[in-house]
Amino acid sequence: MEEIYLLITRHLAGQTSEEEEKHLREWTSSSSVNARTFEEVKQVWLASYQRDDTAAIHAFQRLDKKMHAHKKQKPGITPSGKLPISKPRRFAIIASLALTFIISALLYKVYYPSEPVVIKEFTVSGQKKEIWLADGTKVFLAPQSELFYPKDFTAEKRVVELQGEAYFEVSKDPHRPFIVRTATLDVQVLGTHFNVNSYKKNTSTSVSLMEGKVKVLMAGDDGDEYLLEPGQELSLNKLNHQVYQHEFDQESTTGWMTNTLLIKNEKLGQVAEKINQLYGVKLIFADQATADTRLYARFKNESLINVLETISATGNIAYRIERNKVYLTLKN
Amino acid sequence: MDINSTDNIIWSHIIKGEEKAFEILFIRYYPGLIRYAKNLLPYPSDEAEDIITDAFFKIWQQRETVNIHTSVVSYLYVVVRSRIYDFYRAKRMHVPIEDALDFAGPEYLVPDHLLVYKELCMEMEYLISLLPKRTRLIYQMNRNDNITYKDIAVILDISVNSVKTHMYRAISFLKESYYASPKNSGC
């Protein structure tokens with residue numbers, strides 16, 4: 001039994017070879033007892049996942065600060081371990097270090113005066129933030145997103161960097177284009193309202209235009225350009241690099257701003273990510289059939305319990321909550 | 001490079017000084033490293049967070065000079081472990097022998113225990129907490145952080161076979177007690 005249990009979990013973790021996959025398929029299909037064992041081990045594997053990245057994200061913010069503070073100090077002496085130094089001596093060392101630091105900081109300021117200060121704003125699940133930039137542009141940052149922007153923009157252009165999703169209301173300035181940079185594409189505008197969705201975990205990045213005009217530039221050397229009209233959405237599939245341009249449903253795209261969750265004949269598996277964004281819970285499905293259940297619903301400012309109750313009533317699904325996870329299974 | 005890239009690809013970007021890559025690696029392994037550090041530290045404390053942040057800071061500074069022979073993940077664990085040893089030295093305490101934690105006996109699978117568990121409403125999290133310390137650590141390294149048996153063996157300095165034994169014990173214990181609980185009959 002040992003090898004087969006381990007094989008099943010390694011299969012679920014994606015750590016098996018092709019040969020092992022074949023062996024497992026044969027073993028699972030050879031008897032109903034085996035198939036049941038497979039299903040049980042799988043349930044245990046799914047239910048025993050315990051990961052929460054919130055602490056890691058916060059810890060990285062601290063580390064990030066430390067890294068940048070250090071960069072500015074220039075490589076210096078970092079105290080490691082304690083040396084047996086007498087008190088007055090220690091004071092002298094500290095004082096001289098402090099003096100060195102002050103002098104080098106002053107020199108640094110003189111020699112590198114124009115290094116732009118970059119601000120990083122981020123949100124965790126369920127959280128939204130309204131950010132005003134130096135030029136009067138308003139950014140509405142969606143949950144689980146990050147925005148990097150300079151405290152002051154330069155004279156030629158306004159560049160911000162986005163991971164995740166945000167809605168932009170760019171203040172007009174024809175002389176300084178406003179550029180939203182994401183991992184896969186850049187959006188260049190002069191003054192307009194639009195939404196950018198570039199979550200790393202999503203397979204596509206999309207730009208949806210409400211007002212005005214924007215130019216979308218693909219990342220990479222070829223750098224294809226696309227112009228968008230109001231009401232149009234461009235989405236880039238990150239896997240096959242296919243670009244789609246189509247009309248979009250405004251309420252569905254910007255629903256996150258008004259706490260609206262719109263499910264239009266979508267599979268629960270596809271809705272899971274939106275629920276995670278809004279409520280900070282992870283949905284765990286008992287099987288594919290549960291994840292494939294299609295629903296039609298519209299929630300505005302609803303509590304998580306109400307959302308789950310509705311899903312459970314209309315989709316014939318049982319759920320239970322454990323901390324920040326929701327387990328869903330079809331009722332028999 | 002993105003969040004799904006392998007450690008090696010991410011590391012190649014870190015060497016070039018890309019902070020984004022460093023952040024991905026940090027977030028990928030921070031929760032597991034915290035668990036590992038808390039396991040090795042003498043008492044429940046907040047030291048683990050500082051130790052790991054310091055370790056990563058050092059890793060960032062040394063990224064261009066270090067030569068990784070094993071794997072990125074085992075390198076991270078080794079750096080963290082040596083910082084923990086530094087911590088013990090600074091406090092003039094003896095470093096505990098890791099193997100002392102390793103007494104994964106079979107006694108927890110005795111059927112009587114399972115009967116007691118039946119009385120309770122079993123939650124997976126609770127069941128995991130019942131695993132012996134070392135078995136739990138290994139299971140979580142594999143389950144949550146996707147670390148291979150081979151890397152776990154290198155990190156903990158044990159054989160791949162011991163890793164497998166711990167994994168098997170964890171899975172069969174969780175499976176037996178999970179399905180023995182009345183949860184499935186509507187708890």
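Labels below follow one simple rule: chain letters A, B, ... track the order of the sequence lines, proteins then strands, and each chain is numbered from 1.
- Contact residues of residues 66-78 of chain B toward chain A are absent (heavy-atom distance under 4.5 Å).
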Would A:Glu146 and B:Lys20 count as a salt bridge (Lys or Arg N to Asp or Glu O under 4.0 Å) if you check the C-alpha gap in whole Å, the side-chain angles of each, and the deciding distance to 0.1 Å? CA-CA 12 Å; A:Glu146 278 174 16; B:Lys20 195 63 221 164; 3.7 Å; yes

Report the C-alpha separation of A:Leu63 and B:Phe22 in whole Å, then their side-chain angles, then the decisive distance to 0.1 Å, and conclude whether the side chain to side chain contact (heavy atoms under 4.5 Å, CB included) test is met. CA-CA 11 Å; A:Leu63 177 61; B:Phe22 192 55; 3.7 Å; yes

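- Shortest non-hydrogen contact noted between A:Ala47 and B:Tyr178 is CB-OH, 3.9 Å.
- Between the side chains of A:His58 and B:Glu49, no donor-acceptor pair is found at a separation under 3.5 Å.
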Go through the steps for B:Gln61 and A:Met67 under the test side chain to side chain contact (heavy atoms under 4.5 Å, CB included), then give the verdict. CA-CA 9 Å; B:Gln61 287 180 311; A:Met67 281 159 61; over 6 Å; no

Just do the side chain to side chain contact (heavy atoms under 4.5 Å, CB included) check on A:Leu6 and B:Tyr149 with the steps written out, would you? CA-CA 10 Å; A:Leu6 298 184; B:Tyr149 296 169; 3.6 Å; yes

Could you walk me through whether A:Gln61 and B:Glu23 satisfy the side chain to side chain contact (heavy atoms under 4.5 Å, CB included) test, starting with their C-alpha distance in whole Å, then the side-chain angles of each, then the deciding distance to 0.1 Å, before giving a yes or no? CA-CA 9 Å; A:Gln61 306 271 323; B:Glu23 181 174 0; 5.5 Å; no

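- Only the side chain of B:Ile128 comes within contact range of chain A, judged by heavy atoms closer than 4.5 Å.
- Atom CD1 in A:Ile4 sits 11.5 Å away from atom OH in B:Tyr168 (nearest 0.5 Å).
- When all heavy atoms of A:Lys66 and B:Asp54 are compared, the pair lying nearest together is NZ-OD1, 2.7 Å.
- Atom-to-atom distance recorded for A:Asp64:CG and B:Glu19:CD is 5.5 Å, nearest 0.5 angstrom.
- The two residues A:Ala56 and B:Phe26 have their closest heavy-atom pair at O-CE2, 3.3 Å.
- Counted within 6.0 Å of CD on B:Gln62, heavy atoms from surrounding residues, nucleotides or ligands total more than 12; the atom is thus considered enclosed.
- The 12-atom threshold is exceeded at NZ of A:Lys120, counting heavy atoms of other residues, nucleotides or ligands nearer than 6.0 Å.
- Note on A:Met1, A:Lys325, A:Lys238: by heavy-atom pairs under 4.5 Å with chain B, the leading option is A:Met1.
- Note that CH2 of A:Trp45 and CG of B:Leu174 are 10.5 Å apart. Values are rounded to the nearest 0.5 Å.
- When each of A:Glu40, A:Lys200, A:Arg10 is scored by its heavy-atom pairs under 4.5 Å with chain B, the top score falls to A:Glu40.
- For a residue to count as touching a neighbouring chain, one of its non-hydrogen atoms must lie under 4.5 Å from one of that chain's; by this rule A:Ser48 touches chain B with backbone and side chain alike.
- The candidate from A:Ala13, A:Ala183, A:Ala318 with the greatest count of non-hydrogen atom pairs under 4.5 Å with chain B is A:Ala13.
- Using a 4.0 Å cut-off between charged nitrogen and carboxylate oxygen, B:Arg169 and A:Glu2 do not count as a salt-bridge pair.
- Summarising the geometry of B:Glu176 relative to A:Tyr5, their closest heavy-atom pair is OE2-OH, 4.0 Å, with the distance given to 0.1 Å.
- Side-chain atoms of B:Lys175 and A:Gln43 include no donor-acceptor pair closer than 3.5 Å.
- Identified by a heavy-atom distance below 4.5 Å to chain A, the contributing residues of residues 137-147 of chain B are B:Tyr139, B:Gln140, B:Asn142, B:Arg143, B:Asn144, B:Asp145, B:Asn146, B:Ile147, in residue-number order.
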